[in-house]
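The structure under discussion appears below in the form of structure tokens.
Values in this document were obtained by computation on a predicted structure and should not be read as measured data. One-based numbering along the sequence shown.
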Amino acid sequence: GSSQPRYPDILRQAGVEGEVLAMFVVDTTGKVEPGSFKVLKTTHDLFAQSVRTALPGMRFIPAEVGGRKVKQLVQQPFTFAITR
């Protein structure tokens, strides 16, 4: 399964929700290419750190062009919401 970014405890306790918009390269195996991670915007640095930590363990569907898997630069939002 895909490991979701962990909700930073300090922000959860404070009732702070937020979002990270990240950009990264997904390689042909569906893994995030190391060093390709960039934060386009975040509501809190701790959320961005959490996404950065989780990404190596996450899997994505590789892009395909003409039936061949290719690397792709993707933008992906990660939402941190407190489930009540």
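- Note on Val51: it clusters hydrophobically with Val74, by side-chain heavy-atom contacts below 4.5 Å among ILVMFWY residues.
- Remark: Phe78 engages no residue in a ring pair (Phe, Tyr, Trp, His ring centres under 6.0 Å) (not counting sequence neighbours).
- Scanning all heavy atoms of the two residues, the minimum distance from Val16 to Ile82 falls at N-CD1, 4.0 Å.
- The distance from the OG atom of Ser50 to the CG atom of Asp9 is 10.0 Å, given to the nearest 0.5 Å.
- Note that OG1 of Thr53 is 9.0 Å distant from CZ of Arg6, once rounded to the nearest 0.5 Å.
- The two residues Glu33 and Asp27 make their nearest non-hydrogen contact at OE2-CB, 4.3 Å.
- For the side chain to side chain contact (heavy atoms under 4.5 Å, CB included) with Val20, the qualifying choice from Leu40, Thr79, Thr42 is Thr42, the only one to do so.
- Hydrophobic clustering (side-chain heavy atoms under 4.5 Å, transitive across Ile, Leu, Val, Met, Phe, Trp, Tyr) keeps Val26 apart from Leu21.
- Once rounded to the nearest 0.5 Å, the distance linking CZ of Phe24 with CG of Leu55 reads 5.0 Å.
- Cluster annotation: Met23 is not connected to Val32 through the hydrophobic network of ILVMFWY side chains, with a link wherever side-chain heavy atoms come within less than 4.5 Å.
- Following chains of ILVMFWY side-chain contacts shorter than 4.5 Å, one can reach Leu46 starting from Tyr7, so the two form part of one hydrophobic cluster.
- Here the straight-line distance linking atom CD of Gln72 with atom OG1 of Thr28 works out to 12.5 Å at 0.5 Å rounding.
- Ring orientation note: the planes of Phe80 and Phe47 are close to parallel, at an angle under 30° on the 30°/60° scale.
- From Glu19, atom CD reaches atom NE2 of His44 across 15.5 Å, with rounding to the nearest 0.5 Å.
- In this structure the side chain of Met58 reaches within 4.5 angstrom of the side chain of Gln4, judged on heavy atoms.
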